[in-house]
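Report on the structure given below.
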Amino acid sequence: MAQRRLRKAENKLVGCYNPVDKPEETMFEDVKGQIAQRIDEFCLQNDLPTGKVEFRSIPFSGEWGMAAPLFPLAAADTNKTGPVPQHAQFLAEKLKEVIGLPAGFTRAEAVKGYLNLYFDTALYAASVVEQINSQGPRFGTAQPTDETVMVEYSNPNTHKPLHVGHLRNVILGGSVCNILEASGKTVIRANYIGDIGLHVIKWMCNYEMYHAGEQPAADEMRWMADLYSEADRRFHEQEGFEDEVRAYFARWDAGDEHIHDLWLQTRQWSMDGFAQVYELLGEHFDRIYFESDVEDSGKEIVDRLIESGIATDGRPENPVIVDIDAILGTKEEYRVAVILRSDGTSLYATKELPLAIMKFEEYELDQSIYVIDVRQSLHMKQMRKILELMGYPWATKIHHLAYEIVNLPGNVIMSSRDGTVVLLDDLVREATQRALDVVHEKNPELDPAIMLDVAQKVALGAIKYPMISRENTKIVTFDWESALDFNGQSAPYIQYANVRANSILRRAGSQPQEQGAFNYTLEPSEVNLIELLSKLPDEVSKSAKDFKPSTLAAYAYELAKAFNDFYNQCQVLKAEGEVRTSRLALVHAAKVCLEKTFNLLGIQAPQVM
RNA sequence: GCCCCCGUAGCUCAAUGGACAGAGCACCAGCCUUCUAAGCUGUUGGUUGUGCGUUCGAAUCGCACCGGGGGUACCA
């Protein structure tokens with residue numbers, strides 16, 4: 001029995017150990033096992049339950065180590081005499097004696113109910129840096145698993161512009177994909193394009209009536225956007241235009257060949273515009289689904305749902321619905337899902353069903369993630385439940401990754417209808433110009449082509465960072481001033497740290513061949529930096545677990561801050577001997593980690609600024 | 001009415017139930033004969049919306065309330 005309990009406790013400590021991921025655990029794994037064993041022995045001898053002691057890291061103190069809070073053990077001790085905190089302290093002191101000082105540790109202390117064991121600084125530092133430098137860009141990437149996930153994101157409507165309000169979805173989705181990949185999963189990036197509906201008909205009707213034969217300008221997106229808002233304005237303001245659109249819709253429904261051809265042509269113009277944006281943002285997709293592809297199969301599914309009694313057909317007066325609450329006996333939880341209009345035309349929900357099925361038929365998915373606006377939460381919940389009611393066992397693998405919208409100051413929501421949108425193009429152009437001015441001022445001798453490249457990377461990073469550095473469920477308020485502020489907690493700050501690291505390495509000549517031994521008294525800023533570097537794999541898995549790039553974005557900033565601090569405190573090139581070697585290796589490791597986080601966040605790192 | 005999200009420094013936001021709640025912006029004062037000052041250092045700033053509860057320990061978990069936003073049968 002004691003043996004079994006012992007093994008269980010050991011597993012708790014070292015069970016999740018992964019040699020590629022975690023340098024600190026690689027080094028101290030054996031020792032940790034030994035310590036755990038001694039703690040368990042102590043517990044058994046003193047009639048205390050095992051498995052109550054877990055290790056965490058000690059809050060920054062300039063030294064590394066692991067800490068064991070002894071409160072849970074103290075609380076569980078039936079023989080305790082005083083209050084828990086005092087008893088925890090008592091136990092910590094006892095354990096300190098029992099454990100002694102294992103190899104690789106330099107100091108042990110019992111303080112405030114915690115048992116703290118400090119690592120040998122040089123050994124720890126050298127190990128972290130060596131592992132990062134030997135693994136390079138692979139550092140922070142977990143071992144491949146056999147899990148496959150699909151992430152559906154972006155989902156733009158054709159014939160409409162992609163604007164800043166749509167940006168968060170793309171940036172968030174793309175970054176989540178990168179992070180999931182780094183956590184060992186196979187990721188399929190899917191994009192579901194809204195290529196049919198009233199907005200398309202409106203656009204085409206307006207085009208035929210007022211712009212027949214015109215070709216898009218080089219800037220397809222803007223051209224399409226301008227025509228869209230024109231069509232929308234006519235629809236609401238111009239006498240008779242709505243009737244024209246209705247008539248046009250009827251012709252489309254009847255299968256008018258000319259309209260169909262025009263639709264294919266104009267849809268392509270939109271797709272070309274999207275492609276430009278995706279290229280600019282560094283996004284790509286593995287699978288494109290068109291809404292038009294699932295319209296017919298959606299209606300078939302509705303028929304099946306009616307036949308099987310899940311759906312109620314209220315036509316012609318009422319729509320086809322699934323009263324989920326009535327079926328499940330729940331009350332106002334799932335409400336009523338409308339899956340087909342009373343006139344038999346399809347809704348968003350109609351097409352959502354076959355799309356979900358298609359995904360799982362095409363791929364063996366362990367998870368199907370939808371990056372969609374939080375306002376569609378109920379809708380997503382309904383879809384999932386309907387698929388479950390239809391008997392699809394994979395329905396539970398659907399996950400709605402909800403995010404909050406981007407609005408304008410004063411809680412104004414961007415709308416392509418009343419011109420409150422900020423076009424992506426305008427934002428990028430403005431930001432690039434702003435960045436270019438700064439580069440010009442800071443680094444005037446740079447080659448103009450490089451200057452422009454740098455400005456673009458800085459501008460895009462600055463735009464993307466606010467979108468991923470906030471928690472998914474928090475509203476991002478867009479305003480020009482903060483979007484174009486390149487100082488402080490922003491992507492350019494992080495990029496700048498990386499440029500500084502690069503600058504040191506460049507001046508040092510070749511890449512550091514030797515790994516430092518860190519056999520000198522480290523500055524606090526060095527210790528802090530190394531500490532953060534070692535945390536990267538943990539941050540990646542944390543961020544992947546919750547689908548939260550914001551975790552990693554915060555980490556990137558911390559890292560840059562730590563590097564800037566180090567940069568100011570510690571000479572590298574002018575240092576000598578062991579110090580120089582070690583610091584050079586550290587700078588290289590820092591650059592590896594900074595670039596890795598950039599990579600995962602979808603931000604590009606210029607080599608000069 | 002019911003459901004979901006948010007509420008932390010003047011503003012924008014952080015903080016696997018763990019040691020003293022931290023950054024940025026703004027304000028003020030310093031630091032470029034030293035690897036890029038898009039940087040660094042220092043000062044100021046808090047009843048974590050309110051009240052109960054769970055816990056050795058709560059910004060974090062539970063319940064109630066207050067305030068803001070969103071959703072709630074033929075938009076997406």
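In what follows, chains are A, B, ... by sequence order, proteins preceding strands, each numbered from 1.
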Whole-Å [atom1] distance, [N] and [M]:
N: B/A64; M: B/C3; atom1: P; result: 9 Å
N: B/G69; M: B/C61; atom1: C1'; result: 24 Å
N: B/G49; M: B/G67; atom1: C1'; result: 7 Å
N: B/G57; M: B/C20; atom1: C1'; result: 15 Å
N: B/A29; M: B/C5; atom1: C1'; result: 42 Å
N: B/A58; M: B/A73; atom1: P; result: 42 Å
N: B/G39; M: B/U60; atom1: P; result: 34 Å
N: B/U50; M: B/A59; atom1: P; result: 11 Å

Roughly how many Å is it from [atom1] in [X] to [atom2] in [N], rounded to a whole number?
X: A/K561; N: B/U41; atom1: NZ; atom2: C1'; result: 10 Å
X: A/F486; N: B/C25; atom1: CZ; atom2: P; result: 15 Å
X: A/Q382; N: B/U72; atom1: CD; atom2: C1'; result: 9 Å

| Atom CG in A/L536, atom CG in A/L552: separation rounded to 0.5 Å? | 7.0 Å

| message | To the closest 0.5 Å, what do you measure between CZ (A/F478) and CE (A/M467)? | response | 7.0 Å

Under-3.5 Å donor-acceptor pair between [X] side chain and [N] base:
X: A/E404; N: B/G69; value: no
X: A/R335; N: B/C2; value: yes
X: A/R470; N: B/U12; value: no
X: A/T473; N: B/C6; value: no

When you measure from the side-chain N and O atoms of [X] to the phosphate of [N], is any distance below 4.0 Å, counting only OP1 and OP2?
X: A/R500; N: B/A37; answer: yes
X: A/K351; N: B/A76; answer: no
X: A/Y567; N: B/A37; answer: yes
X: A/N487; N: B/C25; answer: no
X: A/Y465; N: B/U12; answer: no
X: A/R375; N: B/G69; answer: no

Donor on one side chain, acceptor on other, [X] and [Y], under 3.5 Å:
X: A/Q607; Y: A/K591; answer: yes
X: A/S292; Y: A/D195; answer: yes
X: A/T330; Y: A/D325; answer: yes

Using a 4.0 Å heavy-atom cut-off, does [X] contact any base of the nucleic acid, only the sugar-phosphate backbone, or nothing at all?
X: A/Y493; answer: sugar-phosphate
X: A/V374; answer: nothing
X: A/E481; answer: nothing
X: A/D77; answer: nothing
X: A/L347; answer: sugar-phosphate
X: A/I475; answer: sugar-phosphate
X: A/K574; answer: sugar-phosphate
X: A/N443; answer: base
X: A/R341; answer: base
X: A/V608; answer: base
X: A/P72; answer: base

| Anti or syn - B/C32, cut at 90° from 0 | syn

With respect to the side chain of [X], which nucleotide from [options] is positioned closest?
X: A/S342; options: B/C74, B/G18, B/C40; value: B/C74
X: A/R56; options: B/G18, B/A23, B/A15; value: B/G18
X: A/P319; options: B/G18, B/C74, B/A19; value: B/C74
X: A/E332; options: B/C74, B/G1, B/A15; value: B/G1
X: A/V84; options: B/A14, B/C56, B/C35; value: B/C56
X: A/Q376; options: B/A23, B/C56, B/A76; value: B/A76
X: A/F71; options: B/C75, B/G18, B/G71; value: B/G18
X: A/K474; options: B/A23, B/G7, B/A76; value: B/G7

| said: Between A/D479 (side chain only) and A/S482 (backbone N and O only), is there a donor and an acceptor less than 3.5 Å apart? | reply: yes

| request: Taking the side chain as every heavy atom from C-beta outward, state whether A/I339 and A/L347 have any pair of such atoms under 4.5 Å apart. | output: no

| said: Is it the case that over 12 heavy atoms from other parts of the model lie below 6.0 angstrom from the NZ atom of A/K94? | reply: no

| request: Represent RNA chain B in dot-bracket notation, 5' to 3'. Only Watson-Crick or G-U wobble pairs with both distances under 3.5 Å count; pseudoknot-style crossings use [ ] and interstrand partners use |. | output: (((((((..((((....[...))))..((((.......))))......(((((..]....))))))))))))....

| Quick one: side chain to side chain contact (heavy atoms under 4.5 Å, CB included) partners of A/A326, sequence neighbours excluded? | A/D323

| query | Within 45° of the six-membered ring axis of A/F290 and under 6.0 Å from that ring's centre, is NZ or CZ of A/R267 located there? | reply | yes

| What pairs of residues pass the side-chain hydrogen bond (donor to acceptor under 3.5 Å, both in side chains) test when at least one of them lies in residues 544-558 of chain A, not counting sequence neighbours? | none

